[in-house]
Structure formats: C-alpha cells, structure tokens
Amino acid sequence: MNEFVVTTLLIVALFALLGSGVWIGLTLAGVAWIGMELFSSRPAGDAMALTIWGSASSWTLTALPLFVWMGEILFRTKLSESMFKGLAPWVNALPGRLLHTNILGSTIFAAVSGSSAATCATIGKMTIPELTRRGYPPEKIVGSLGGASTLGLLIPPSIIMIVYGVAAEVSIAKLFVAGVIPGVLLAALFSGSIIVWALMNPGKVPSADASLSFGEKLREARHLIPVVLLIGSVIGAIYSGIATATEAAAIGVVGSLILSASQGSLNWVSFRDSLLGATRLYCMIALILAGAAFLTLSMGYIGLPRHLAEWVGGLGLTPGMLLIALAVFYIVLGCFLDGISMIVLTMGVILPTVTAAGIDLIWFGIFIVIVVEMAQITPPVGFNLFVLQGMTKREITWIAVACLPYFLIMVVAVLLLYWFPGLVTWMPSKM
Amino acid sequence: MRKSLDALYLGAGWLAALFMIGVLAMVLLSIVSRLVGFYVPGTDAYAGYAMAGAGFLALAHTLKANEHIRVTLIIGKLRGGARRGLELWALSVAVLMSGALAWFSWRLVWQSHTFHDISTAADATPLWIPQILMGLGCTVLFIALLDEWVLEWRGQRVRAEGDTRHE
Amino acid sequence: QTAWDLPAAYPATNFHSVNLASFASDVDKATGGKLKITVHPGASLFKAPEIKRAVQGGQAQVGEILLTAYQNEWQMFGADGIPFLATSYAESKKLYAAQKPILQKKLAEQGMVLLYAVAWPPQGLYSKKPVASAADLKGSKWRAYSPATSRIAELVGAQPVTVQAAELSQALATGVVENNMTSGATGVDSKLYEHLKFYYDVQAWLPKNAVIANKKAFDALDKATQDALMKAAADAEARGWAASEKVNTDTLATLKANGMSVEPPSAALKSDLQKVGATMLQEWLGKAGPEGQQLIDAYRK
Ligand code: NA
Ligand code: NA
C-alpha cells in the first residue's frame with residue numbers, strides 16, 4: 001500500500017470524524033481502528049484494550065491527575081487573588097502587565113511538574129478567571145498560557161526528556177540541566193513578545209492600579225508568601241530527596257489543602273467540588289490519552305512514522321538540511337500524534353542518522369523537546385489546546401489561532417539554539 | 001428509569017473520585033514509608049490502578065456534565081434537522097466506539113483471567129481485578145452515550161447551549 | 001509472504017536489540033523473504049509488562065521478554081534470578097540447559113514457542129559509599145525493582161525503596177536511593193557512574209531475555225520456514241551469549257574510565273551475600289515445590 005494513500009485516508013478520516021463533532025478521544029480511537037483494519041493484518045480490538053489499559057494505569061502518569069486536583073483546590077482559595085495583589089504593583093511599569101503572570105507562573109510551575117498539560121491546567125485554573133475579570137483580551141490570556149505552559153517539558157523535571165534519554169542512551173541528568181537555559185530563553189522570548197504587542201496596542205491592556213511607593217510595593221508583596229511557600233515546599237521536596245518528581249504532585253495536593261484550610265476556604269463543599277472537578281477534568285484528558293495510546297499502537301503496526309523517518313534519514317542531507325527536514329517532519333507529525341508517541345515511534349530509526357551526521361545528542365534532545373512543545377499547541381491533536389478548551393469552553397480553532405504567535409516564537413528559539421549551540425551544551429559540559 | 005440512569009452516572013463518578021483520593025493516598029504512602037523507614041511493596045502499581053479507576057469510572061459523569069471536549073465548529077452553526085442529523089451521526093460513532101471499548105475491555109478482563117496474567121511488579125496483583133474498573137467505566141459510558149442517542153432521537157436532549165462559544 | 005511483529009522493551013542500541021535486528025534479517029534471508037519480522041525496539045509497540053501476553057493473545061507473533069519478570073506468575077520463570085546460584089557465564093549456561101525443557105513445556109501449555117534466550121551480564125552492586133561487608137549496607141536506601149531485589153535488601157538490613165527506572169537518575173542525585181543491584185551494562189546505559197562511585201562485581205545472577213513466538217502463528221508456517229526460523233534463532237542465541245560476555249568486559253572498563261571503583265567483593269561481603277543467597281534459595285524452593293527441587297538437582301548434577 002502506497003504510504004501517500006494511507007496518510008491521506010487517515011487524515012481525511014480524522015478530519016471527518018473531528019469535524020462532525022465526535023468526541024476527540026473517541027475520534028482518535030476510531031481513526032486508529034480504521035487504520036488497523038485497513039492497513040495492517042492485525043485484529044484491532046484486543047490490542048486496543050491491552051494498550052489502553054497499559055497507558056491508563058501507568059505509574060508515570062500519576063502526577064497528572066494530582067496536579068489537576070491541586071489546580072482545582074487552589075482555584076477555590078484566595079491564592080490567585082492574593083498572588084495577583086502581590087504581583088500587580090511590580091509589573092505595572094512593564095508593558096503587558098499581568099499577562100506576564102502566565103509566563104512567570106508557567107516557568108516556575110514547570111520546575112515542579114514534568115508535563116505541559118498539568119502545567120496548563122494548574123496555572124490556567126488560577127490565572128484565566130483572574131485575568132478575564134481584570135479585562136485582559138481573551139486571546140492574549142489563552143495564547144500566552146498555552147504557549148508558556150509547554151515549558152513544563154523543557155524545564156526540569158520533564159517526562160519527555162526521560163523518554164528521550166532512555167531511547168538515545170544519553171544522561172537524563174545532563175538533559176535536565178541542558179534544558180534550563182533554553183527554557184529561560186523561551187520564557188524571555190514569550191515575555192518579550194507580550195511587551196512588543198502591548199507597546200503596539202496600548203489600548204488593549206487594562207489600566208494599572210494606582211502606582212505605589214517601593215515600601216508599599218514590598219508590603220503588598222506579603223501576599224506572595226503563601227504561593228512562594230507552596231511552590232517552594234514542592235521544589236524543596238524534590239531536591240532534598242523527600243519525593244521523586246512524580247511523587248511531588250502529592251506534596252502539592254497536601255500543601256494546597258493546608259493552604260486552603262489556613263485561609264478558611266476549606267470546607268466540605270469546596271473539597272467536594274475540587275475533587276469532582278478534578279476527576280472530570282482528568283477524565284476528559286484520560287479519554288483523549290486513551291485514544292492517543294491506541295493511535296500510537298496503530299501507527300506502530302502500520303509503520304507510517306517509521307517509514308517516513310526512514311525516508312528522511314535516507315535523503316543523504318547535510319546536517320543543517322537534515323535538522324530542517326526533521327523539524328518539518330516532527331512539526332507535521334506533531335499535528336497528529338502526542339509528543340511521547342512521536343519520540344517512541346521514531347527514535348529507533350532517526351537516531352542512527354542523527355549520530356552519523358555528527359549532531360550532539362544532548363543538543364538534539366533539547367531540539368526534540370522544543371519541537372514536541374510546538375506539537376502541544378498545533379491542531380488537530382494538541383494536548384494544551386484540549387486542556388484550554390476544557391477550561392474555557394472555546395472552539396479549538398480559536399485557541400489554536402491564539403497560540404499561533406507562541407508557536408512561531410518557538411521556531412525562532414530553535415533557530416537561536418542552532419546558531420548558538422552553546423546555549424544548550426554549556427551547562428551540561430560543566431557537570 | 002431516568003432517575004436510576006442518572007444515579008448510575010453519578011455513582012460511578014463518585015467512585016472515580018474515591019479512586020482519585022486513592023492515587024493521592026498511595027503516592028503519599030510511598031513518600032512516608034521511605035521517610036519513616038518501612039516498606040510497602042507495590043505502592044506505585046496501586047497508584048496506577050487507582051488512576052485507571054479515576055479515569056474510566058468518571059467517563060459517563062464527565063459526558064453528562066458536558067466536559068468531554070469535541071469540535072463543535074460545524075454542529076454549532078447548524079440548526080433544525082441538519083443539526084439533529086449530525087448530532088445523531090456523531091452520537092452513533094461514539095456509541096459504536098464506546099461499545100467496542102466496553103466489549104474489548106471485558107475481553108481483556110476475561111483473557112487476563114484465563115492467561116493468569118499477574119503484575120510483574122512487587123504488588124503481584126492478578127491484573128483482571130483492576131481491569132474490571134476499565135470494563136465497568138467503559139460500559140457505563142456506552143450506556144450514557146446510548147441514552148444521549150435516544151434522547152436526541154426523541155428530541156429531548158438537553159443541550160447546554162452557550163457552553164461552547166463561537167467567535 | 002508472512003509478516004510478523006516483534007515488540008521488544010530495550011532501546012535499539014542495546015545488545016539484545018541489535019541481536020534481534022540481525023535475527024530478523026537472517027530470517028528474511030534464509031526464507032527468501034517469505035517471513036518478514038519487524039522489530040519494534042524501545043517499547044515502541046508494547047511496553048515491557050505487556051509483551052508476553054501480547055504474544056500469548058496473538059497481538060504480536062513474536063516478542064522478547066525478561067524471564068525473571070514473570071516470577072510472580074510461575075516460580076520457574078524466576079530461576080535465573082535466584083541470587084548467587086549461577087554466577088558465571090558457564091554456570092548460567094548450565095542453568096539454562098536445566099531450565100530449558102520446563103520452559104518449553106510451560107510456554108507450549110500457554111500457546112507459545114521458545115525461540116532462544118540470551119543472558120544479561122552478571123548483576124553487581126552499585127553503591128554511594130564503600131561496602132566492606134553487609135554491615136555497611138544496614139539502613140541504606142536500596143532500590144527494589146523486583147521481589148528478589150527487595151528481599152535481598154531486607155536480608156542485608158537495607159531499606160528497600162521503590163523508584164522506577166525513569167526516575168532513577170534523579171533519585172540517585174537527591175539521595176532517594178543509595179544502592180542499586182544491576183548489571184554493568186545497565187549501569188553504563190543509565191549512567192549510574194554519575195552518582196555512584198563504587199561497583200562491586202558480586203555476580204549475583206545472570207537474568208535472561210527470551211524470545212518467544214505465538215504457537216498458532218508458528219504452526220501456520222510451512223516446515224521449511226519453521227526450520228529456517230529455528231536455525232536463525234540458534235545462531236542468534238550463540239551470537240547473543242558471546243555479545244553479552246563482550247558487553248560485560250567492555251562496560252566494566254567503561255565504568256572504570258568514568259571514575260568508578262570497580263572491584264571484586266571482599267571476602268566478608270562475599271560470604272554475607274552467599275548466606276543471603278542460601279536463604280533465598282530455600283525460600284524459592286518453598287514456593288516452587290518439587291518442580292523447583294528437580295530443576296536445582298538437574299542444574300547441580
Ligand atoms: Na518540568
Ligand atoms: Na499537535
């Protein structure tokens with residue numbers, strides 16, 4: 001069967017099912033089913049159940065529901081209100097003002113969470129209502145959050161780096177360290193883009209609160225103590241060896257409950273609502289993850305990503321052209337598959353080509369992580385888009401357009417890393 | 001009938017919420033046991049099973065709360081018969097897929113039982129036991145989607161209008 | 001033309017996976033392209049714990065599994081994981097010879113065929129601090145990733161700690177884990193030398209990877225193809241055992257080159273660990289029953 005025909009048919013099926021309003025998780029499973037029945041001689045049903053069970057019960061994912069729950073608890077406290085109170089006087093002079101809380105919050109939370117969906121859900125639960133209430137333009141709120149929360153993958157700890165590190169047999173510790181500078185660079189680029197936008201559209205940014213003296217600003221900063229304590233205790237638990245990165249989410253839930261109790265907002269109703277709300281939000285993501293797991297299996301049987309990767313590898317390109325080709329390949333693949341699946345399905349084929357081209361495997365790991373970050377916000381299959389749709393109830397196309405500028409910024413970041421590879425390799429070389 | 005169906009979805013949702021607490025409890029247990037210096041084998045595996053319980057059992061409840069996401073770009077623009085037709089098509093596909101999921105989940109349970117498939121981790125759990133959660137959750141989702149299909153057919157489906165904004 | 005899928009759990013560069021790739025290409029050549037095996041390394045099709053039942057249920061026609069992982073299901077699968085029973089390649093081959101007929105019988109009952117099995121390099125002890133005897137391990141945090149490793153920890157007085165392979169690197173850096181028992185090869189793959197400075201070549205056991213096929217799929221092949229497949233499997237087995245020994249030598253050198261102290265265990269540590277081994281063999285025999293006793297007798301003959 002011609003690869004082109006297979007690809008076309010599956011993409012048509014995907015768009016037809018999605019467009020006609022079939023739930024996203026069931027659509028992915030449906031496309032996977034069609035693919036297996038038509039293009040592989042394997043029976044689909046048993047393999048589907050086995051692989052969905054494996055992914056749904058996998059320990060690696062347990063941080064996700066817990067972080068979602070943490071977000072739901074914090075949403076019902078005064079934490080976000082006080083956080084904004086504490087931050088507002090400091091960002092008043094900065095063009096774009098409180099929009100930067102999305103970037104700052106995501107960057108800091110990325111140091112706690114290894115997944116971008118968890119970062120998006122937790123930070124979004126706090127910033128979206130508050131920024132909306134203050135009158136910031138919705139597409140800027142959603143876009144900056146969608147873009148910045150992908151930093152969950154680049155700033156350690158990171159699940160995707162572990163998956164890549166195992167596949168490429170490079171040091172996970174070095175990968176983690178290598179992600180720090182690119183992560184901060186990307187955050188700075190995101191913030192920079194908001195500043196530029198705000199300078200060009202001064203009317204769209206809500207006016208600042210009354211300006212305060214430095215002493216008053218410091219006094220207002222006391223409102224930041226709870227959030228600093230909470231994030232500090234989770235990061236502290238990881239780096240003191242009390243908890244692993246996955247377990248840290250549980251510390252986050254307990255910390256949030258304590259915080260909520262100390263503010264007097266913890267009662268049966270708020271506990272019940274946070275628990276049921278978290279269960280539903282996680283369940284929404286879980287259904288999509290289940291469909292995605294089956295689609296990955298189906299792609300593994302059909303061999304489409306593998307064959308495409310083999311084809312790219314066989315073109316005999318120069319290292320620079322190879323990287324451009326791989327970037328395009330992964331961006332296109334990233335429209336349809338989630339990040340971990342992309343890496344798992346293609347690494348066995350891509351890595352020999354990359355090694356032969358003399359590309360540093362740590363650098364390539366960071367490159368892959370940023371490309372996977374882009375995949376989180378490209379339609380039709382982008383997990384951050386799904387989380388944002390779940391939280392804002394807006395159309396996925398609208399969210400994707402809002403996130404587009406941040407996608408382009410990531411392209412710029414990849415170019416910068418290509419021209420200045422030291423941004424990636426300097427820190428790990430000091431280990 | 002209506003009452004017992006709604007109770008089924010809500011009950012499964014509450015069970016899912018209990019499993020969510022189970023995930024927290026298992027992860028906390030593994031942290032605390034290490035700190036205090038005792039060993040509970042398999043906390044990681046139990047956390048995984050609890051997570052599966054939370055995800056699968058809440059499927060129907062989440063559907064009824066209109067929190068499973070889909071693309072309503074086209075459906076949202078249609079009115080009358082065309083909209084009803086497309087809704088019925090989408091629901092039919094969903095009923096079919098969730099039915100397959102439920103059927104093959106129970107087959108997974110049955111196969112795990114006949115294969116004596118046991119967790120390879122320290123918990124050594126016979127896997128058919130936690131896999132029942134997947135069978136139950138997918139079955140309740142199948143029932144809920146079938147329910148939605150019938151309601152749509154009879155024109156009684158309560159649509160949470162304005163839930164998805166169009167820009 | 002028949003197409004088979006072969007899921008495997010280890011990265012494409014691991015010596016087991018490299019061997020699988022040669023095996024697949026040998027089969028292709030020997031059958032004139034009549035049987036094509038696609039290897040899916042790095043858990044890209046099914047994850048490690050799912051592979052056995054995927055082969056059993058026919059979702060994959062052939063697959064690679066770590067035998068000791070299935071000890072929970074049947075004690076005999078764990079015979080090559082009994083510590084200090086078979087500690088060299090020669091002993092490990094002898095144990096395999098004793099284990100093979102009962103493995104074949106059990107797998108046949110489960111609807112599968114054993115194609116070949118290759119041992120991992122011997123398991124050694126990685127430690128943050130120097131270990132002169134088992135007393136030095138008391139109270140230390142010992143990574144438990146299987147029933148056997150947690151039992152050893154308990155017997156030497158260490159605290160078993162559950163940390164998944166994915167988080168091992170970070171757990172070592174932050175002190176969640178201080179000791180780990182695994183092969184030199186795995187130590188190099190997961191860069192254990194970044195955090196642990198001492199390796200004791202205690203040669204605790206040599207676990208085996210087995211390549212198994214679905215019996216229905218196997219029976220559906222014609223006789224000539226079956227013979228070609230088994231011939232390629234025998235070649236792969238010989239090649240794999242040789243590769244394993246070479247990997248063992250090379251990786252111990254790599255550990256040294258990366259600043260680890262690589263040493264044989266002291267006499268005290270050795271005798272302490274042998275006591276642990278004797279206890280665990282008795283416990284294993286208690287669970288495995290007469291079947292287990294027969295296996296050990298056959299091995300010691
Ligand atoms: Na992170
Ligand atoms: Na995407």
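Below, chain A is the first sequence line, B the second, and so on; all start at residue 1.
- When heavy atoms are compared at a cutoff of 4.5 Å, Thr246(A) approaches chain C by way of both its backbone and its side chain.
- The minimum heavy-atom distance between Ala12(C) and Gly348(A), with the atom names listed, is CB-CA, 4.1 Å.
- Minimum interatomic distance between Glu169(A) and Asn14(C) (heavy atoms only, all atoms of both residues): OE2-N, 4.2 Å.
- If you measure heavy-atom distances from Ala3(C) to chain A, the contacts under 4.5 Å come from both the backbone and the side chain.
- A donor-acceptor pair under 3.5 Å is absent between the side-chain atoms of Lys47(C) and the main chain of Thr51(A), judged by distance alone.
- The candidate with the highest count of non-hydrogen atom pairs below 4.5 Å against chain C, out of Gly300(A), Pro157(A), Ala167(A), is Gly300(A).
- Heavy-atom distances place the side chain of Ile162(A), and not its backbone, under 4.5 Å from chain C.
- Between Val163(C) and Thr244(A) the shortest heavy-atom distance is CG2-CG2, 4.3 Å.
- For Thr38(C), the part lying under 4.5 angstrom from a heavy atom of chain A is the side chain only.
- There is no contact between Val163(A) and chain C, counting heavy-atom distances below 4.5 Å.
- Contact annotation for Ala47(A): both backbone and side-chain heavy atoms come within less than 4.5 Å of a heavy atom of chain C.
- Between Val344(A) and Gly42(C) the shortest heavy-atom distance is CG1-O, 4.2 Å.
- Contact annotation for Tyr301(A): both backbone and side-chain heavy atoms come within less than 4.5 Å of a heavy atom of chain C.
- Smallest separation of non-hydrogen atoms from Phe46(C) and Leu50(A): CE2-CD2, 3.8 Å.
- Between Lys174(A) and Lys191(C) the shortest side-chain heavy-atom distance does not fall below 4.5 Å.
- Looking at Ala54(C), both its backbone and its side chain come within 4.5 Å of chain A, counting heavy atoms on both sides.
- Taking both residues in full, the closest heavy atoms of Ala173(A) and Glu194(C) are given as CB-OE1, 3.8 Å, listed atom of the first, atom of the second, then distance.
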- Task: Please step through side chain to side chain contact (heavy atoms under 4.5 Å, CB included) for the pair Met48(A) and Gln59(C), ending with a clear verdict.
- Result: CA-CA 10 Å; Met48(A) 168 179 77; Gln59(C) 285 97 54; over 6 Å; no

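- Within 6.0 Å of NZ in Lys197(C) there are more than 12 heavy atoms belonging to other residues, nucleotides or ligands.
- In this structure, chain C has heavy atoms under 4.5 Å from both the backbone and the side chain of Ser171(A).
- Options Gln164(C), Glu50(C), Gln170(C) differ in how many heavy-atom pairs under 4.5 Å they form with chain A, and the most are formed by Gln164(C).
- When heavy atoms are compared at a cutoff of 4.5 Å, Ile238(A) approaches chain C by way of both its backbone and its side chain.
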